[in-house]
Engineer: 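Pasting a structure here, questions to come.
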2 protein chains.
Amino acid sequence: MDKYDCLKLDNQLCFPLYVCSKEIVRKYKPFLDELDITYTQYITLMALWDKGALSVKELGKQLYLDSGTLTPLLKTLEAKGYVTRTRAKDDERNLIVSLTDEGLALREKALAIPAKMGACLKIDPADAADLYRILHTLMAAI
Amino acid sequence: MDKYDCLKLDNQLCFPLYVCSKEIVRKYKPFLDELDITYTQYITLMALWDKGALSVKELGKQLYLDSGTLTPLLKTLEAKGYVTRTRAKDDERNLIVSLTDEGLALREKALAIPAKMGACLKIDPADAADLYRILHTLMAAI
DNA sequence: ATTAATTTGATTGTGTACAATTCGATTGTA
DNA sequence: TACAATCGAATTGTACACAATCAAATTAAT
């Protein structure tokens with residue numbers, strides 16, 4: 001009840017958000033290890049699986065990541081043989097990231113992951129729906 | 001409506017969690033820059049402001065961080081003059097992190113931050129309450 | 001056409017994060 | 001009292017994450 005209450009960890013909204021994000025990403029790790037990819041590589045592949053091919057700029061916009069993060073990450077995915085990186089013919093400033101056959105095949109192995117995560121998270125479905133709505137509202141506001 | 005729907009970014013709960021966490025931490029940056037600290041250093045100081053002094057182990061438990069993250073971070077805070085690191089007399093395995101006068105004084109400057117963040121986040125109070133409850137439920141389940 | 005402004009990725013530097021290992025200190029047990 | 005097991009930090013290695021800067025390509029304006 002003193003003037004410092006607003007600086008207590010317990011009264012922060014950002015802190016549990018930060019912790020939950022980290023801890024859930026960590027929960028993914030054993031499942032992603034089986035595919036030899038990291039969480040950030042996983043969401044990158046999700047975007048590509050959905051859209052087929054995207055420029056680095058488009059990827060950055062969808063994933064909320066900048067080129068300083070994406071460039072080395074995409075080179076890693078290229079080295080693993082999951083994507084190719086080629087300049088667009090019409091505008092060589094655009095670098096197009098496309099899935100290889102191997103990258104596409106990885107999608108089949110990834111199919112099992114959401115169910116496995118759901119099993120070890122045990123969140124109430126109504127809470128999950130609320131959380132989804134609130135987070136998307138927040139994302140739109142930022 | 002195909003079998004790959006569960007791998008779409010839009011159907012993930014973890015992804016918006018991950019994005020919101022990152023983006024909100026970024027929102028803090030200009031305010032924390034004024035105090036010459038990072039977000040992780042900020043929550044570390046929050047724990048210390050509240051408790052006075054803590055061992056590295058206790059800090060790690062409260063912040064959900066391990067020694068690989070905390071050790072360099074605490075050395076940075078020590079170099080800035082905000083904390084001291086001294087071994088406990090009774091058990092020299094324990095490293096006690098304490099606030100210096102400067103570290104304590106920083107609390108006054110930090111007092112303005114929560115209000116500034118609240119102003120630029122514009123989240124519905126009812127949503128904030130729901131979010132707080134759901135995230136804490138999640139944290140407890142992990 | 002020449003130049004200026006913009007766009008796009010790549011690079012560099014700082015700071016997390018965490019797994020795995022190491023090392024010194026302590027505790028439990030024979 | 002040895003000495004094995006445990007504990008708490010520190011260290012090492014890999015991988016983000018982003019600000020700031022740079023460089024090449026394109027577009028716009030004169």
Side-chain angles (χ1 to χ4, degrees), chain A residues 14-15 18-30 32-33 35-45 54-61 63-80 83 85-97 142, chain B residues 14-15 18-33 35-45 54-80 83 85-97 142:
Chain A
C14 184
F15 178 63
Y18 162 82
V19 170
C20 284
S21 170
K22 274 193 322 173
E23 295 302 317
I24 293 179
V25 167
R26 173 151 53 186
K27 285 275 186 194
Y28 270 100
K29 189 169 190 308
L32 295 177
D33 278 349
L35 311 199
D36 188 31
I37 56 176
T38 64
Y39 179 74
T40 321
Q41 291 165 14
Y42 177 56
I43 60 173
T44 302
L45 287 171
L54 288 167
S55 69
V56 174
K57 182 184 168 69
E58 273 301 321
L59 265 177
K61 197 190 302 181
L63 303 176
Y64 293 76
L65 295 172
D66 72 3
S67 70
T69 302
L70 283 174
T71 296
L73 183 150
L74 292 170
K75 286 182 177 175
T76 303
L77 283 179
E78 187 179 41
K80 287 183 199 291
V83 306
R85 301 161 62 248
T86 49
R87 296 278 165 190
K89 288 243 166 49
D90 59 327
D91 185 343
E92 294 213 345
R93 289 176 303 183
N94 293 338
L95 187 70
I96 308 297
V97 182
I142 294 175
Chain B
C14 185
F15 178 63
Y18 163 81
V19 170
C20 284
S21 171
K22 274 192 322 172
E23 295 302 317
I24 293 180
V25 167
R26 173 152 49 190
K27 285 275 187 196
Y28 271 100
K29 190 170 190 309
F31 306 131
L32 295 177
D33 278 349
L35 311 200
D36 187 31
I37 55 176
T38 64
Y39 179 74
T40 321
Q41 291 165 14
Y42 177 56
I43 60 173
T44 302
L45 288 171
L54 289 166
S55 70
V56 174
K57 181 185 168 66
E58 275 301 320
L59 265 177
K61 198 190 303 179
Q62 299 220 359
L63 303 176
Y64 294 74
L65 295 171
D66 73 3
S67 69
T69 302
L70 283 175
T71 295
L73 182 149
L74 293 171
K75 285 181 178 176
T76 303
L77 283 179
E78 187 179 41
K80 287 184 200 291
V83 306
R85 302 162 62 249
T86 49
R87 295 280 166 189
K89 288 243 166 49
D90 60 326
D91 186 341
E92 294 215 344
R93 288 175 306 184
N94 294 337
L95 186 71
I96 308 297
V97 183
I142 293 174

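On a predicted model such as this, the values are computed, not experimentally measured, just so you know. Here is how names work: the chains are called A, B, and so on, in the same order as the sequence lines, proteins then strands, and each is numbered from 1.
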Engineer: Hey, is the side chain of A/Ser67 pairing donor to acceptor with the base of C/dA10 inside 3.5 Å?
Structural biologist: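 For A/Ser67, whose side chain was compared with the base of C/dA10, there is a donor-acceptor pair (under 3.5 Å).
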
Engineer: Atom CG of A/Leu74 and atom P of D/dA17: how far apart are they, to the nearest Å?
Structural biologist: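 Taking atom P of D/dA17 as the reference, CG of A/Leu74 is at 13 Å.
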
Engineer: Would you kindly compare A/Thr76 and A/Asp90 by the position of their nearest DNA chain D nucleotide and give the one closer to the 5′ end?
Structural biologist: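 It is A/Thr76 whose nearest nucleotide is closer to the 5' end.
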
Engineer: Report the residue from B/Ile24, B/Ile43, B/Leu63 that forms a side-chain contact (heavy atoms from CB on, under 4.5 Å) with A/Tyr18.
Structural biologist: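 Answer after filtering B/Ile24, B/Ile43, B/Leu63: B/Ile43.
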
Engineer: Report yes if a side-chain nitrogen or oxygen of A/Thr38 is closer than 4.0 Å to either non-bridging phosphate oxygen (OP1 or OP2) of D/dA15; otherwise report no.
Structural biologist: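 Checking A/Thr38 against D/dA15: no side-chain N or O falls below 4.0 Å of OP1 or OP2.
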
Engineer: Charged N to carboxylate O under 4.0 angstrom, A/Lys61 versus A/Glu58?
Structural biologist: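 A salt bridge links A/Lys61 with A/Glu58.
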
Engineer: What's the closest nucleotide to the A/Lys75 side chain, out of D/dA19, C/dA17, C/dT11?
Structural biologist: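 Output: C/dT11.
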
Engineer: Picking from C/dG15, C/dA17, D/dC16, which would you name as closest to the side chain of B/Leu65?
Structural biologist: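 Out of C/dG15, C/dA17, D/dC16, the nucleotide with an atom closest to B/Leu65's side chain is C/dA17.
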
Engineer: Is there a side-chain polar atom (N or O) of A/Lys22 under 4.0 Å from OP1 or OP2 of C/dA17?
Structural biologist: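 Indeed not, no polar side-chain atom of A/Lys22 lies that close.
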
Engineer: Does a nitrogen or oxygen in the side chain of A/Arg93 sit under 4.0 Å from OP1 or OP2 of C/dA10?
Structural biologist: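 Result: no.
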
Engineer: Using a cut-off of strictly less than 4.0 Å, decide whether B/Thr71 has a side-chain nitrogen or oxygen near OP1 or OP2 of D/dA10.
Structural biologist: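 For D/dA10, OP1/OP2 do have a side-chain N/O of B/Thr71 under 4.0 Å.
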
Engineer: A side-chain contact here means heavy atoms from C-beta on lying under 4.5 Å apart; do B/Leu54 and B/Val97 qualify?
Structural biologist: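 Not in contact.
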
Engineer: Could you give the CZ-to-C1' distance, from B/Arg85 to D/dA10, as a whole number of Å?
Structural biologist: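 Nearest whole value for this atom pair: 9 Å.
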
